[in-house]
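Chain naming here is simple, since letters A, B, ... match the order of the sequence lines and numbering starts at 1 in each.
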Protein chains: 2
Amino acid sequence: MDRIDRKLLNLMQRDASRTNVDMAEEVGLSPSSCLRRVQRLRNSGIIDRIVAILNPTKAERRIKALITVELKLHGEQHMRRFLKIAVAEEAVSQAYAVTGETDVVLMLRLRDMEEFDALCERLFRDQTNVARFFTMMIIRTAKEETAIWL
Amino acid sequence: MDRIDRKLLNLMQRDASRTNVDMAEEVGLSPSSCLRRVQRLRNSGIIDRIVAILNPTKAERRIKALITVELKLHGEQHMRRFLKIAVAEEAVSQAYAVTGETDVVLMLRLRDMEEFDALCERLFRDQTNVARFFTMMIIRTAKEETAIWL
DNA sequence: CACGCCTTTGCAATAAAATTGCACAGATCT
DNA sequence: AGATCTGTGCAATTTTATTGCAAAGGCGTG
């Protein structure tokens, strides 16, 4: 994991659709040598996967919201049960167990408010062990970064 | 944007490293026809970009935290100024303006607590117009999805 | 329904890229 | 110094992407 590997990882986090030949030139290696590095980074698991990122405004699910959840009963199994339900929801894009007053934070991507309504119904009904929750609608996304710069 | 386009988008959000020939077979098209669809989806901007996703546990910045921020002065320019500062921080991976008691929510990716300390110093010092903030350390990541399933 | 128009498709040829074997250079350890 | 291991570039080979073209399907209009 030297300077060139880092350079490659940063390049590929920005744009993984470039050809190997192209990237090889940028990092100053021959195509074959560059390819072998990328393969090594993939096999080692440092590069987890290569994916397409859609433009959310051109796709569905334009509305984003954050929800903080306080559970009634804390403890491993209760936490696990709630997370399992939340994670199964398509509208839930991120789900975290956190420290502090709040137990769980969810990030939602919604088509419309009907979907929000239905989701709340499923997640926050009596039996699901939720004491209370706070919804924050996202007004503006100032940054949303999947990359980890090295 | 028909059934096959949606299928392609879902495929590529899962794994964009597959060859065109491979994907063509899966969606039941000839390679050339499939390629033209993908190119169209790219040119139209529905596919924003193709990127490598790193395994965070194998990279740096293992510690994640969420911060909710309440500003002293609300209003467009103050909000904008704070977001600008926050967004410039490498450790800030997501930044949102939200409705409710809280004004801003930040997602952090940290190397260690020293970095957290230094970041708070920069973001939450007097002149930056922050009334108060709450930190939630992320204990467990149950879901973290970049995809928008169609 | 017939017609023209537009889009999408598959095939085949071509161009470009990825992949592999191989020999060599540099670093490290003994 | 010698042995070993890793990484490199070159060249040959295989695989993939790309493009022209003719045909098929869909759609609205007369």
Side-chain angles (χ1 to χ4, degrees), chain A residues 1-62 90 111 145-150, chain B residues 1-62 90 111 145-150:
Chain A
M1 169 66 83
D2 59 2
R3 207 187 94 268
I4 295 182
D5 279 341
R6 261 182 277 275
K7 217 168 174 178
L8 281 172
L9 290 173
N10 286 340
L11 280 184
M12 294 182 70
Q13 288 188 99
R14 216 170 278 121
D15 181 3
S17 70
R18 302 172 60 183
T19 66
N20 178 57
V21 177
D22 190 18
M23 294 195 297
E25 186 175 15
E26 178 150 346
V27 302
L29 283 181
S30 70
S32 62
S33 191
C34 181
L35 182 68
R36 271 181 267 241
R37 274 175 183 267
V38 173
Q39 288 172 335
R40 184 163 47 70
L41 290 170
R42 294 246 263 156
N43 293 334
S44 72
I46 295 176
I47 294 178
D48 184 44
R49 60 201 199 282
I50 291 174
V51 299
I53 305 290
L54 303 196
N55 184 333
T57 65
K58 302 217 172 186
E60 328 276 295
R61 300 188 181 281
R62 287 177 165 77
E90 277 219 333
R111 290 183 215 279
E145 180 72 78
T146 57
I148 304 169
W149 302 117
L150 302 175
Chain B
M1 169 63 84
D2 59 2
R3 208 187 92 269
I4 295 182
D5 278 342
R6 261 183 277 275
K7 216 166 172 180
L8 279 172
L9 290 173
N10 286 340
L11 280 183
M12 293 182 70
Q13 288 188 101
R14 215 172 277 120
D15 181 2
S17 70
R18 302 172 59 182
T19 67
N20 177 56
V21 178
D22 190 17
M23 294 195 296
E25 187 175 12
E26 180 150 346
V27 302
L29 282 181
S30 69
S32 61
S33 191
C34 180
L35 183 68
R36 270 179 266 240
R37 274 174 182 267
V38 173
Q39 288 172 335
R40 183 165 48 70
L41 291 170
R42 295 247 263 155
N43 292 334
S44 71
I46 296 177
I47 294 179
D48 185 45
R49 59 200 200 282
I50 291 174
V51 299
I53 305 290
L54 303 196
N55 185 333
T57 64
K58 299 219 173 184
E60 328 276 295
R61 298 187 183 281
R62 286 176 165 76
E90 278 219 333
R111 290 183 215 282
E145 182 71 79
T146 58
I148 304 170
W149 303 116
L150 302 174

Exercise. Does dC10(D) have OP1 or OP2 sitting under 4.0 Å from an N or O in the side chain of S30(A)?
Worked result: no
Exercise. Given dT6(D), is OP1 or OP2 found less than 4.0 Å from the side-chain N or O atoms of R40(A)?
Worked result: no
Exercise. Pick from R14(A), R18(A), K7(A): which one makes a salt bridge (charged side-chain N to carboxylate O under 4.0 Å, His left out) with E26(A)?
Worked result: R18(A)
Problem set entry | Short N-O contact, R42(B) and D48(B), less than 4.0 angstrom | no
Exercise. Are any side-chain N or O atoms of N43(A) and backbone N or O atoms of Q39(A), one a donor and one an acceptor, separated by less than 3.5 Å?
Worked result: yes
Exercise. Please give, in whole Å, the distance from dT16(D) C1' to R18(A) CZ?
Worked result: 19 Å
Problem set entry | D15(B) bridged to R49(A) by N-O distance under 4.0 Å | no
Using a cut-off of under 3.5 Å, enumerate the N/O to N/O pairs linking the protein to nucleotides 19-26 of chain D.
| unit_1 | atom_1 | unit_2 | atom_2 | d |
| --- | --- | --- | --- | --- |
| dG20(D) | O6 | R36(B) | NH2 | 3.1 |

Exercise. Atom CD of E25(A) and atom P of dG9(D): how far apart are they, to the nearest Å?
Worked result: 13 Å
Problem set entry | Nearest heavy atoms of W149(A) and R61(B), plus distance in Å | O-NE, 4.4 Å
Problem set entry | Nucleotide dT9(C), atom C1' - distance to CG of D5(B) in whole Å | 14 Å
Exercise. What is the bend of the helix from dC1(C)-dG30(D) to dT30(C)-dA1(D) when you compare the axis at one end with the axis at the other, using five pairs each and rounding to 10°?
Worked result: 40°
Problem set entry | Euclidean distance, atom CG of residue N43(A) to atom P of dT19(C) [Å, nearest integer] | 11 Å
For this session: Could you tell me the separation between the CG atom of L41(B) and the P atom of dT8(C), rounded to a whole number of Å?
Result: 11 Å
Exercise. Which pair of heavy atoms, one from I148(A) and one from L54(B), lies closest together, and at what distance?
Worked result: O-CD1, 4.0 Å
Problem set entry | Separation of atom CG in L29(A) from atom P in dA18(C), rounded to whole Å | 14 Å
Problem set entry | Considering all heavy atoms, the nearest I50(A)-A16(A) contact | CG2-CB, 3.8 Å
Exercise. Roughly how many Å is it from CG in D2(B) to P in dT9(C), rounded to a whole number?
Worked result: 7 Å
Exercise. If you take all heavy atoms of M23(B) and C34(B), which pair is closest and at what distance?
Worked result: C-SG, 4.3 Å
Exercise. Out of curiosity, S17(B) OG to I47(A) CD1, how far, rounded to the nearest 0.5 Å?
Worked result: 10.0 Å
Exercise. Between dA18(C) atom C1' and R37(A) atom CZ, what is the distance in whole Å?
Worked result: 18 Å
